[in-house]
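Shown next, in structure tokens, is the structure this report addresses.
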Amino acid sequence: QVQVVESGGDLVQAGGSLRLSCTASGLTFAEHPMAWFRQAPGKEREGVAAISANGRVTDYVNSVKGRFTISRDNAKRALYLQMNNLKEEDTGMYYCAVDGGRATHTKQILLFGVGTSGTWGQGTQVTVSS
């Protein structure tokens, strides 16, 4: 079975930085697009950043452009989300997700998720305070 595990969430002050990490097993890591999502209390799940299988295409929600960077190291079976200049509104549970397909466009993943064939991690909490 496919298993996804993310880590790196923490309590940080506004303006600070944090890097989230994710790994997935039970699949050929380098063949699947991946993404980061977040959900704040009382709000709907939001796609934050998505990346193609080979890492050459990325997409971001407008609110994090210029501050967040998604990347992957397929040799290490690792996905990362570097978050800089964090704001209080970035607070939420962050989830790593693996798309079930192999050529899904990053914009589609960002907007609609990874579908029923995708796999989600358990989440890691990011709290930004002032």
Side-chain angles (χ1 to χ4, degrees):
Q1 62 179 16
V2 178
Q3 292 183 301
V4 180
V5 180
E6 61 270 83
S7 62
D10 205 350
L11 171 64
V12 298
Q13 292 188 337
S17 297
L18 201 61
R19 189 176 81 157
L20 306 183
S21 299
C22 173
T23 189
S25 61
L27 46 63
T28 303
F29 190 90
E31 293 182 354
H32 297 267
M34 298 181 71
W36 290 97
F37 297 82
R38 67 187 180 188
Q39 187 167 27
K43 293 187 176 181
E44 295 184 351
R45 186 191 67 196
E46 176 184 45
V48 178
I51 188 167
S52 62
N54 61 15
R56 298 176 68 175
V57 179
T58 59
D59 200 9
Y60 302 87
V61 65
N62 286 339
S63 62
V64 309
K65 288 182 178 178
R67 299 189 298 119
F68 290 11
T69 302
I70 187 172
S71 62
R72 65 192 297 163
D73 186 336
N74 287 338
K76 296 181 179 179
R77 301 179 66 85
L79 175 74
Y80 306 102
L81 183 66
Q82 178 65 48
M83 305 184 291
N84 297 325
N85 191 26
L86 284 161
K87 303 176 180 180
E88 288 188 69
E89 49 263 43
D90 293 318
T91 293
M93 185 70 74
Y94 282 69
Y95 298 91
C96 173
V98 180
D99 193 76
R102 291 174 173 79
T104 310
H105 292 295
T106 52
K107 289 185 181 296
Q108 179 178 329
I109 297 170
L110 194 65
L111 292 172
F112 304 110
V114 296
T116 56
S117 62
T119 306
W120 298 78
Q122 81 291 341
T124 185
Q125 180 67 36
V126 173
T127 302
V128 184
S129 66
S130 60

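No hydrogens, no waters, no symmetry mates; every other heavy atom, side chains included, goes into these values.
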(request) Might you work through the side chain to side chain contact (heavy atoms under 4.5 Å, CB included) test for E46 and S63, ending with a clear yes or no? (result) CA-CA 11 Å; E46 176 184 45; S63 62; 4.3 Å; yes

What pairs of donor and acceptor atoms, side-chain ones from residues 79-86 against any protein atom, are under 3.5 angstrom apart with sequence neighbours left out?
unit_1	atom_1	unit_2	atom_2	d
Q82	NE2	N84	OD1	3.0
N84	OD1	S17	OG	2.9

The reported gap from OG in S117 to NE2 in H32 (rounded to nearest 0.5 angstrom) is 9.0 Å

Closest non-hydrogen atoms of Q125 and T127, given as atom of the first, atom of the second and distance, are NE2-OG1, 3.3 Å

Let me see the working for F68 and W36 under ring-ring contact (aromatic ring centres under 6.0 Å, His included), right down to the final yes or no.
CA-CA 11 Å; F68 290 11; W36 290 97; over 10 Å; no

Scanning both residues in full, the closest heavy-atom pair of I109 with P33 reads CD1-CB, 3.4 Å

* Asked: Looking at F29, does the NZ or CZ of R77 lie under 6.0 angstrom from its six-membered ring centre and within 45 degrees of the ring axis?
  -> no

Between C22 and V4 the two heavy atoms that sit nearest each other are SG-CG1, 3.5 Å

TODO: Evaluate the side chain to side chain contact (heavy atoms under 4.5 Å, CB included) criterion for residues L27 and T119: first the C-alpha distance (whole Å), next the side-chain angles of each, then the deciding distance (0.1 Å), finally the verdict.
DONE: CA-CA 11 Å; L27 46 63; T119 306; 5.9 Å; no

Taken to the nearest 0.5 Å, the spacing of D73 CG from T23 OG1 works out to 10.5 Å

In this structure, CD of Q13 is separated from OG of S130 (nearest 0.5 Å) by 8.5 Å

*With distance as the sole test, does E6 use its side chain to make a donor-acceptor pair with the main-chain N or O of G123 at under 3.5 Å?*
yes

Interatomic distance, NZ@K43 vs OG1@T91, rounded to 0.5 Å, equals 9.5 Å

* Asked: When you measure from the side chain of Y94 to the backbone N and O of G8, does any donor-acceptor pair fall under 3.5 Å?
  -> no

Can any side-chain N or O of D99 pair as donor or acceptor with the backbone N or O of S52 at less than 3.5 Å? no

Between T106 and I51, the two heavy atoms sitting closest are CG2-C, 3.6 Å

Residues V98 and A24: closest non-hydrogen pair is CG2-CB, 3.8 Å

So, the side chain of Q39 versus the backbone of G92: is there a donor-acceptor pair under 3.5 Å, distance only? no

* State whether the side chain of N54 and the backbone N or O of R56 hold a donor-acceptor pair below 3.5 Å, judged by distance alone. => yes

Correct closest heavy-atom pair for N74 and A30 would be ND2-CB, 3.5 Å

So OH of Y95 and OG1 of T124: to nearest 0.5 Å the spacing works out to 10.0 Å

Could you go step by step and tell me if V114 and M34 meet the side chain to side chain contact (heavy atoms under 4.5 Å, CB included) rule? CA-CA 8 Å; V114 296; M34 298 181 71; over 6 Å; no

To the nearest 0.5 Å, atom CD of Q3 lies from atom CD of Q122 at 10.5 Å

Open item on the list: Could you walk me through whether R38 and D90 satisfy the side chain to side chain contact (heavy atoms under 4.5 Å, CB included) test, starting with their C-alpha distance in whole Å, then the side-chain angles of each, then the deciding distance to 0.1 Å, before giving a yes or no?
Closed with: CA-CA 9 Å; R38 67 187 180 188; D90 293 318; 2.9 Å; yes

* Does E31 reach the main-chain N or O of A53 with its side chain, forming a donor-acceptor pair under 3.5 Å? -> no

